[in-house]
Q: 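Sending over a structure as structure tokens; questions will come in a sec.
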Amino acid sequence: MQRKRVVEPEDKIREIPAVVFLFRSCTGSLEYPGTESAVTETLRCLEVEPVTDPDQTCCSGYLLTCSAHTPEVSLAVTARNLALVERKGLDTYVFCNGCYGYLKELSHILLHNQEYLEGANELIARWGYHYAGKTRIFHVQEMWYRLRERIAAKVVRPLNGLRVGVHYGCHYLARKYDILDDGGYPTFHEEIVEALGGTPVFYKERQLCCGYAVGRGFTHREEIVQPHLFKKLKNARDSGVELITTVCPGCNVALDREQPNLRERYGEDFRIPVIDLAQLIALALGVPTAKLGFEANTVPLDDVLAKVGVSE
Amino acid sequence: MDTDFYTPMRLDEVESPLQDEVEKALGIDIETCMECGKCSGGCSNAHIFDFTPRKVVQLIRLGAEETLLTMDALWVCLSCQLCVDRCPSGIDIPRIMDYLREKALREGYRPSRPAVVLFYELMCSCVERRGRVSEAPLMLRFNVLTGQYLKDLTLGIRMFLKGKLPLTAGKVKKMDEVRTLFVSWHRRSVKRG
Amino acid sequence: MNESMMGKELTALVIGGGPAGIEAALKIACGGYRVVLVEKESEPGGLLRKLYSSFPRWENPSDRIGWMVDDLKRNKQIEISLESTVESVARTDNGFNVTLKNTATGGARTIDVQAVVLATGFGLMDLSAYGEYGHGIYPGVLNSLEFEERLREWSRGLGKAPKAVALIQCVGSRDRSKGYPYCSKVCCMYSAKQAGVVKDLFPEAKVYVFYIDCRAAGKGYEEFLREVIEKKHVRYVRGRPAKVLPDGGRLLVRAEDTLIGIPVEFTADVVVLAAAVVPHPETAALAKMFGAPVDEYGFIDHDLRSHAKCADRVFFAGGCGFAVDTESALSQGAAAAAEVIALFNGNG
């Protein structure tokens with residue numbers, strides 16, 4: 001399945017860092033705490049030490065879309081967050097497509113507009129922060145793919161052919177010039193699933209948007225989000241998907257939390273559990289399920305865990 | 001104005017500087033659009049848009065400012081970025097949508113979906129107060145303020161009973177820094193405005 | 001005749017045995033000069049040999065290439081060197097020492113020539129840059145050349161009859177994000193032809209062409225296109241599709257009908273991608289050996305005075321200069337031959 005990539009992972013992450021800054025995600029740390037914990041555990045299993053900072057705030061992506069009329073606040077918040085990382089001299093690793101997209105975009109705007117950069121730095125200078133653009137921004141999925149061989153070698157709980165349908169999420173794939181794979185036909189998650197002993201399922205709607213972006217899960221749930229999810233989940237179920245993985249806690253919320261609502265509205269009970277790719281990797285690497293926070297999921301993972309041979 | 005209804009758009013009378021404005025503000029070259037429609041074929045929401053992404057770009061060329069600032073698509077766009085990913089000319093349509101949203105709010109147009117703006121305000125205040133966003137309490141406040149008191153209640157209770165619903169968001173330690181950022185910007189905006 | 005050439009037997013080297021190269025070789029030979037025709041494949045004919053039908057007259061291109069190759073083989077002035085490539089070139093006072101290498105035997109020989117015609121033709125871009133269309137991923141997604149082969153199989157009753165076929169125009173062409181801002185010129189017409197052939201073979205099949213603009217500038221071209229739409233009932237939808245998805249063993253095409261402004265979907269058995277026309281990668285290297293300029297895409301550029309000349313004693317014809325249809329390839333081959341003959345006659 002492996003193909004020639006637009007950007008080779010070895011080019012994107014040349015040296016494997018010993019320590020990285022783990023940029024916490026609001027949704028991935030609060031709504032699904034298992035995601036953050038799984039990312040941390042997996043990184044440690046792979047001999048990369050994640051560092052976090054209690055002062056880091058929301059990536060401000062929400063701020064950007066939610067305060068379109070004053071984008072400057074988002075720029076200052078981004079500068080402050082990244083300045084925090086720069087103090088530690090580390091690269092930034094995020095585990096949410098939203099954080100990834102917005103940090104990339106906002107740091108790009110800052111670094112290409114002297115006026116914005118000065119304005120933001122002036123504001124954060126009072127606490128001694130200064131953003132210079134030194135920290136590079138990665139998504140942890142890039143690290144997973146970079147370390148796919150290390151992961152494959154450390155699998156202790158192979159997935160026994162579990163049929164996994166992946167969900168990449170628009171906000172990673174659509175950044176076509178700066179991602180690991182071909183946004184039109186990505187396969188790198190599937191390769192990771194295969195390395196874990198699972199069976200990747202290329203269901204038709206695997207690249208369909210979850211519909212949840214920029215708060216539409218709140219504001220247009222019936223109109224946009226549920227029809228999108230119904231189309232996607234129906235296709236996944238018909239293709240025999242037993243588990244869906246995401247790399248974006250926002251997508252995870254939509255795909256998981258909405259299933260009871262879909263049952264009420266459309267009379268179809270999909271019951272396909274949805275977890276983060278990091279949780280799946282951690283599971284295969286033998287991280288105790290107690291640390292993976294599966295109890296936060298609306299659709300329980302009992303069948304999946306039974307298939308992998310984990311008894312709770 | 002009843003007469004407008006039967007009058008075709010007078011191209012010789014279009015004098016909107018909108019195209020210039022958008023091109024300058026965003027560094028986008030609108031003229032590179034060849035209206036191939038690939039953006040709209042890939043659009044996650046084209047089926048409910050009143051104007052598909054291709055039409056939005058064409059409307060900017062036509063200078064149809066009023067139409068653009070009052071259209072429904074502004075408030076249902078998912079910002080999924082698929083349009084710009086597919087665009088052969090790399091026209092950043094999501095950024096155009098951001099700009100138009102911003103302009104519509106600044107110029108006092110009433111959004112076709114007030115709930116979106118309410119959500120935005122709640123979200124910002126959430127970051128302003130806590131530094132982070134927690135979905136569940138936010139959803140509760142949103143539902144209360146939009147009059148949907150009972151929405152998600154069963155799900156909420158179910159989750160709460162199972163201990164899944166964090167009713168308070170973890171708070172950023174140095175909250176004063178975040179708040180000051182907002183205050184400074186509020187002041188700045190007042191000075192400028 | 002000019003003195004240096006007087007009393008010598010003059011030879012032209014033609015590189016490429018497609019319609020342009022064959023026409024150039026035949027006409028130079030008619031002018032009384034010797035020709036060495038180099039072709040890298042095991043038989044001459046070039047792209048034309050691979051086509052099933054032609055526009056604007058629904059002819060069988062194999063017939064035409066058959067006559068041309070017969071003429072070529074019969075002509076005593078022309079030496080055909082198959083499975084050969086140009087290894088190296090040294091410019092002399094009145095021509096070139098060219099070393100040819102036989103790719104089958106590995107043998108090499110050096111010949112003296114006084115003029116060169118480059119006619120290396122064109123190819124189609126590598127479609128792996130378009131993951132969203134799935135070429136090389138889904139077996140039903142073909143580029144236009146692969147589809148000509150499929151048409152030939154269908155005409156012989158081979159393979160499964162299609163219920164629906166989608167032809168996508170401008171895949172690569174007119175896409176500056178992929179580095180091909182130009183129009184490939186021939187796709188509108190050959191896609192109309194291919195769509196028409198499908199309807200002739202399978203009248204019940206649904207055939208849709210997704211286009212941005214239909215460019216039918218040529219004698220009989222617009223009439224040909226209208227015939228395909230009006231008499232053969234091929235449907236045209238204006239809109240560049242955004243993606244092709246696998247759909248229960250078939251292929252789902254998603255697009256916007258830009259004339260109405262609504263999203264549309266079409267399930268097809270075969271999706272044909274009209275890939276951008278690009279020069280063969282070896283063209284630029286060859287041009288460099290002979291001191292000929294190439295443009296940013298690797299097509300050969302002509303000099304100021306003549307449209308068939310690209311350097312001193314170096315001429316070119318056909319697809320190595322830009323996308324051409326068969327008629328233009330033949331005319332350009334003849335034009336290059338006229339230049340060579342004029343040079344050899346001492347009037348060049």
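Just so it is clear, the structure is predicted and the values come from calculations on it, not from any experiment. Just so we're on the same page: letters track the sequence lines, and every chain starts at 1.
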Q: Look at atom CZ of A:Arg271 and say whether more than 12 heavy atoms of other residues, nucleotides or ligands are closer to it than 6.0 Å.
A: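 No, because the 6.0 Å sphere around CZ of A:Arg271 holds 12 heavy atoms or fewer from other groups.
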
Q: Can you find a pair of side-chain heavy atoms, one from A:His220 and one from B:Val116, that are under 4.5 Å apart?
A: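 Sidechains of B:Val116 and A:His220: in contact.
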
Q: Identify which part of A:Tyr129 has an atom lying under 4.5 Å from any heavy atom of chain B, answering side chain, backbone, both or neither.
A: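 Only the side chain of A:Tyr129 comes within 4.5 Å of chain B.
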
Q: Hey, do the aromatic rings of A:Phe270 and A:Phe230 have their centres closer than 6.0 Å?
A: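 Between A:Phe230 and A:Phe270, which both carry aromatic rings, the centre distance is below 6.0 Å.
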
Q: Using a cut-off of under 4.5 Å on heavy-atom pairs, state which of A:Gln56, A:His171, A:Arg24 scores highest against chain B.
A: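 When all of A:Gln56, A:His171, A:Arg24 are compared, A:His171 has the most.
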
Q: Taking side chain as everything from C-beta outward and backbone as N, CA, C, O, which of these in B:Ile48 sits under 4.5 Å from a heavy atom of chain A? Side chain, backbone, both or neither.
A: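 Only the side chain of B:Ile48 comes within 4.5 Å of chain A.
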
Q: Where along residues 33-47 of chain B does a heavy atom come under 4.5 Å of chain A, listed by residue number?
A: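 B:Ser44, B:Asn45, B:His47, listed by number.
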
Q: Against the six-membered ring of A:Tyr185, is A:Arg206 placed for a cation-pi contact (under 6.0 Å from the centre, within 45° of the normal)?
A: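 Yes.
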
Q: Which heavy atom of B:Ile93 sits nearest a heavy atom of B:Cys83, and at what distance?
A: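 It is CB-SG, 3.8 Å.
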
Q: Parallel, tilted or perpendicular: which describes the rings of A:Tyr172 and A:His139, with under 30° parallel and over 60° perpendicular?
A: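 Judged by the thresholds at 30° and 60°, the geometry between A:Tyr172 and A:His139 is perpendicular.
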
Q: Whether the A:Gln226 and A:Arg221 side chains hold a donor-acceptor pair (N or O, under 3.5 Å, no angle test) is what I'd like checked.
A: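 Absent: no donor and acceptor within the cut-off.
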
